[in-house]
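Please read the structure below before turning to the comments.
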Amino acid sequence: MIGWRSMACVVALAAAGAPAQTPVSGDAATTLNDRLQGDITPTHDPVIIREGNTYHVYSTGLGDGPDRIIAHRTSRDLVHWQKAPTPLAALPDWATRAIPGASNAWAPDISYVGGRYRLYYSVSTFGSNRSAIGLLTSPTLDPGKPGYGWRDEGPVVMSDRPDDFNAIDPNFVAGRDGRHWLALGSFWSGLKLFALDPEVGKLLKAGEAPISIARRPAPAGAPAPVEAPFIINHGGWYWLIASYDYCCKGNASTYYTVIGRSRLVTGPYLGKDGSSMMQGGGTILLRADLPEKQRFRGPGHAGYLRDADGTDYVVYHAYDRENKGAPTLRIARLRWAADGWPVAE
């Protein structure tokens, strides 16, 4: 089974309203993940961004209610999370026509470009590459600010049965040379990169073949589980994060997260050991809890935040064995080791 996301129930709790600040670890044995509370479940395929004093997490729409299309949570301190208004209460008409049977939006991506926030999102159905990526824009993320409102910019890229890729799991990338890109992909022949028009955030050249940046070779007819690209620009390198193996199976999920780096946004992306992500290589960034603990399984679909004070974080979901395998928000500080490679707290 390929290119899917899970469904789950929603639980909401209130959050604190203190000014945003970098979390302090306090006890050396206590991580940010140990302290997360509030509305953190169910969270699948999260991305994170900060506007002013508020952190925003957007994720796949799950369950019932107003956030079943795209879920939205906010926090002032990265610890206490509360539900916030969804940017998309119903799928646009173009999406329901293009993808019959689609009921929610998957794996959003959020960025700030040219004075507006761009929220890319996926529309698909279980196990199919008849998929589309759409775009919403707004001048602010805060419903209380003047001008707030998400504008449907329509489809960006689509895939269908003849294509060798799946147009889900988008990630916007701004190159150091000013060029803009959209990374995407799930299973099929792997992760792809499309050039974007910087002015409008749509494909620069309609119909242009994408650039391959990661894949997992497999025998003909066998699944090749790789998805959820996210590209970071750090230290003169581009860093490609990807998820390997299977999500969406609760406690049985085998998802884990790898990373590779390249001097060029187009690759090749290599792990610390020189292994190529075009051959299923890379370096492990996130994996399940050790066997002696075995609580959070299948960590993956990672996003990234460089905070205002320069602190780096990786946001992702994992399945909580102590909560019936519910997909749960996880946030870890990302430290850069002496060898230049990132280590998740």
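The structure displayed is predicted, hence computed values, not measured ones.
With respect to Leu285, the side chain to side chain contact (heavy atoms under 4.5 Å, CB included) criterion is satisfied by exactly one of Ile259, Val258, Val343: Ile259. Just one residue in the list Gln82, Glu51, His80 forms a side chain to side chain contact (heavy atoms under 4.5 Å, CB included) with Thr74, and that residue is Gln82.
Under a 3.5 Å cut-off, the side chain of Arg68 and the backbone N or O of Ser103 do form a donor-acceptor pair. In terms of modelled atom types and a separation under 3.5 Å, the side chain of Ser275 and the main chain of Gly282 share a donor-acceptor contact. Side-chain atoms of Trp181 do not come within 3.5 Å of backbone N or O of Val265 as any donor-acceptor pair. In this structure, the side chain of Arg35 does not engage the main chain of Gln37 through any donor-acceptor pair within 3.5 Å. Ser75 contributes no side-chain N or O that, together with a main-chain N or O of Tyr55, makes up a donor-acceptor pair within less than 3.5 Å. Judged by distance alone, with hydrogens and angles left aside, the side-chain atoms of Asn129 form a donor-acceptor pair with the main-chain N or O of Asp163 at under 3.5 Å. Between the side chain of Asp77 and the main chain of Val79, a donor-acceptor pair closer than 3.5 Å is present. Judged by distance alone, with hydrogens and angles left aside, the side-chain atoms of Ser159 form a donor-acceptor pair with the main-chain N or O of Ala167 at under 3.5 Å. For the pair Ser253 (side chain) and Lys249 (backbone), a donor-acceptor distance under 3.5 Å is present. With hydrogens and angles ignored, the 3.5 Å screen pairs a side-chain donor or acceptor of Thr328 with a backbone N or O of Ala326.
Annotation for Ile168 and Ser122: closest pair CA-OG, 3.4 Å, computed over non-hydrogen atoms. Of all non-hydrogen atoms in Pro46 and Leu329, the two that sit nearest each other are CB-CD1, 4.2 Å. The nearest pair of heavy atoms linking Trp188 to Ala224 is O-CB, 4.1 Å.
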Using side chain to side chain donor-acceptor pair (under 3.5 Å), reason through Thr60 and Asp45 one step at a time and then give a plain yes or no. CA-CA 6 Å; Thr60 291; Asp45 317 318; 2.5 Å; yes

Run the side chain to side chain donor-acceptor pair (under 3.5 Å) check on Glu345 and Thr31 step by step: do they pass? CA-CA 7 Å; Glu345 181 182 74; Thr31 68; 4.8 Å; no

Assess the residue pair Trp341 and Trp237 against the criterion (ring-ring contact (aromatic ring centres under 6.0 Å, His included)); give the C-alpha distance rounded to whole Å, side-chain angles, the decisive distance to 0.1 Å, and a yes or no. CA-CA 10 Å; Trp341 284 79; Trp237 297 89; 7.9 Å; no

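In this structure, Leu196 and Leu203 have side chains that are in contact, with non-hydrogen atoms separated by less than 4.5 Å. Here the side chains of Leu184 and Asn171 are not in contact, with every heavy-atom distance at 4.5 Å or above. The shortest distance between side-chain heavy atoms of Glu227 and Cys247 falls below 4.5 Å. Side-chain contact between Ser212 and Lys192 is present, with at least one heavy-atom pair separated by less than 4.5 Å. With contacts defined as side-chain heavy-atom distances shorter than 4.5 Å, the pair Tyr121/Pro170 does not qualify. Side-chain contact check for Lys272 versus Asp339: some heavy-atom pair is nearer than 4.5 Å. At least one side-chain heavy atom of Ile99 sits under 4.5 Å from a side-chain heavy atom of Thr125. Using a 4.5 Å heavy-atom cutoff, the side chains of Arg176 and Asn233 are in contact.
At least one cation-pi condition fails for Arg261 and Tyr238: the charged atom is not both under 6.0 angstrom from the six-membered ring centre and inside a 45 degree cone around its axis. By the 6.0 Å and 45° rule, Arg216 stacks over the aromatic ring of Tyr244. Taking the ring centre of Trp81 as origin, the terminal cationic atom of Arg73 falls outside the region bounded by 6.0 Å and 45° from the ring axis. For Arg295 and Tyr319, the positive end is not near the middle of the six-membered ring at less than 6.0 Å and at most 45° from its axis.
Asp197 and Lys205 are not joined by a salt bridge, as no carboxylate oxygen comes within less than 4.0 angstrom of a charged side-chain nitrogen. Salt-bridge annotation for Asp312 and Arg306: present, with a side-chain N of the basic residue lying under 4.0 Å from a carboxylate O of the acidic one.
Ring geometry for Phe187 against Tyr246 counts as tilted: the plane angle lies between 30° and 60°, on a 0 to 90° scale. Ring geometry, His72 versus His56: the interplanar angle falls under 30°, so the pair is classed parallel (tilted spans 30 to 60°). In this pair, Phe172 and Tyr120 present their aromatic rings parallel. The plane angle is below 30°, not in the 30 to 60° band.
To the nearest 0.5 angstrom, Ile48 atom CD1 is 9.0 Å from Tyr313 atom OH. With rounding to the nearest 0.5 angstrom, the CZ atom of Arg116 is 12.5 Å from the OG atom of Ser111.
Looking only at atom types and distance, the side chain of Tyr256 has no donor-acceptor partner in the side chain of Arg287 under 3.5 Å away. Residues Asp152 and Trp150 bring no donor and acceptor atom of their side chains to less than 3.5 Å of each other. One side chain, Glu153 or Thr137, offers a donor N or O that lies under 3.5 Å from an acceptor on the other.
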